[in-house]
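Every chain is numbered from 1, with letters handed out A, B, ... down the list of sequences.
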Number of protein chains: 2
Amino acid sequence: MDVVREFRNGALRLLVLRHATDAEVHGALLSEWLAARGHRVSPGTLYPLLHRLQDAGLLKSRIEVVDGRRVRRYRTTKRGKRALAECRAVLAELAADVA
Amino acid sequence: MDVVREFRNGALRLLVLRHATDAEVHGALLSEWLAARGHRVSPGTLYPLLHRLQDAGLLKSRIEVVDGRRVRRYRTTKRGKRALAECRAVLAELAADVA
DNA sequence: TTCGCTGATATCGCTTCGCGATAGCAAGGC
DNA sequence: GCCTTGCTATCGCGAAGCGATATCAGCGAA
């Protein structure tokens, strides 16, 4: 029961959607980006999350070949942006409530 | 995969710790308080959560009798307050990152 | 006093999620 | 061919979510 970790985990969805709105991200870079913000996340958490977000229609992806290596690039969909907006609202309320 | 719900869920811990810092809360009232803030949570989620938070030493509880009914009142421990402070810091970073 | 009623708490059962470890996979260098 | 390297995917087990259901203690009414 690591409360901070679990809170971070919920926030992960938000950060992924946020980041994939501006750029076409791929898993490994995303992992570094998150780690730089203090969110260390294992591949066993990140990839299933990406798949679930895609299944839910919040992300879309395509395979791209970069330097011969195949990477799966994700981008936030319109639906994903709506979810993000909703999360931002919840975040604002939350900040007010725990202040 | 309801992203908003899952984000709320992580936030739940924070709100519980926050609320139990100011007052000695009990499950049912807490449930109403959360619902009023848009966090509808079933007893099957809330009670196990309270137990886990107590097991982790973030909450302490005692049975009290009110109008003949026994209620379990929770209060945030010192350790719980530290966890809360840490979560607040994460929350602030998060707000900055998704802005 | 026995029978529900009510509000509070607890638990069950199934599903989903987290996540470390491990495997797969394609291109380049040897 | 066969390592190595860098991404991506999966496995397996433990933990958590949560609707439904059970338990529990006083209360009032018949």
Subject >> Glu24(B) and its side chain to side chain donor-acceptor pair (under 3.5 Å) partner, picked from Arg73(B), Arg62(B), Lys60(B) >> reply: Arg62(B)
Original post:
Given dT16(C), is OP1 or OP2 found less than 4.0 Å from the side-chain N or O atoms of Arg5(B)?
Top reply: no
Original post:
Rounded to whole angstroms, how far apart are CG on Leu49(B) and C1' on dA10(C)?
Top reply: 14 Å
Original post:
Under 4.0 angstrom, heavy atoms only, what part of the nucleic acid is Arg8(A) near: base, sugar-phosphate, or nothing?
Top reply: nothing
**OP:** Hey, which sits more toward the 5' end of DNA chain C by its nearest nucleotide, Pro48(B) or Leu12(A)?
**Re:** Pro48(B)
**OP:** Give the rounded distance in Å between these two atoms: CD of Glu6(A) and C1' of dG14(D).
**Re:** 13 Å
Original post:
When you match Arg52(B) and Pro43(B) each to their closest nucleotide on DNA chain D, which lands nearer the 5' end?
Top reply: Arg52(B)
Subject >> Thr76(B) side chain to Leu17(B) backbone, donor-acceptor under 3.5 Å >> reply: yes
**OP:** Using atom NE2 of His51(A) as one end and atom P of dC17(C) as the other, report the distance to the nearest whole Å.
**Re:** 13 Å
Original post:
Looking only at atom types and distance, does a side-chain atom of Arg8(B) sit under 3.5 Å from a main-chain N or O of Gly38(B), one as donor and one as acceptor?
Top reply: yes
Original post:
Is Arg18(B) reaching over with its side chain to a backbone N or O of Ala99(A), donor-acceptor style, under 3.5 angstrom?
Top reply: yes
Original post:
Distance check: side-chain N/O of Asn9(B) vs OP1/OP2 of dC18(D), anything under 4.0 Å?
Top reply: yes
Subject >> Rounded distance (Å) that lies between atom C1' of dA16(D) and atom CG of Asp55(B) >> reply: 14 Å
**OP:** In whole angstrom, give the distance that lies between atom CD of Gln54(B) and atom C1' of dA10(C).
**Re:** 13 Å
**OP:** Kindly say if Arg40(A) contacts the phosphate of dC19(C), meaning a side-chain N or O under 4.0 Å from OP1 or OP2.
**Re:** no
Original post:
Is the backbone N or O of Val65(B) less than 3.5 Å from a side-chain atom of Arg69(B), with the two atoms forming a donor-acceptor pair by type?
Top reply: no
**OP:** Using a heavy-atom cut-off of under 4.0 Å over every strand shown, decide if Arg73(B) touches base, sugar-phosphate, or nothing.
**Re:** nothing
Original post:
Say you draw a straight line from OH of Tyr74(B) to CG of Leu53(B); how long is it, rounded to the nearest 0.5 Å?
Top reply: 9.0 Å
Original post:
OP1 or OP2 of dT8(D) less than 4.0 angstrom from a side-chain nitrogen or oxygen of Arg70(A), does that happen here?
Top reply: no
Original post:
Given atom CZ of Arg62(B) and atom P of dT9(C), what is their separation to the nearest angstrom?
Top reply: 13 Å
**OP:** Please state whether the phosphate of dC18(D), meaning OP1 or OP2, lies under 4.0 angstrom from any side-chain nitrogen or oxygen of Ser42(B).
**Re:** no
Original post:
Is any side-chain nitrogen or oxygen of Tyr47(A) closer than 4.0 Å to OP1 or OP2 of dA9(D)?
Top reply: no
Subject >> Atom-to-atom span, CG of Leu53(B) to P of dA10(C) - whole angstrom >> reply: 13 Å
Subject >> Length of the CD1-P vector between Ile63(A) and dC7(D), whole Å >> reply: 14 Å
Original post:
Taking only N and O in the side chain of Arg69(B), is any of them less than 4.0 Å away from OP1 or OP2 of dC27(D)?
Top reply: no
Original post:
Are any of His26(A)'s side-chain N or O atoms less than 4.0 Å away from OP1 or OP2 of dC7(D)?
Top reply: no
Subject >> Arg72(A) vs dG6(D): side-chain N/O to OP1/OP2 distance below 4.0 Å >> reply: no
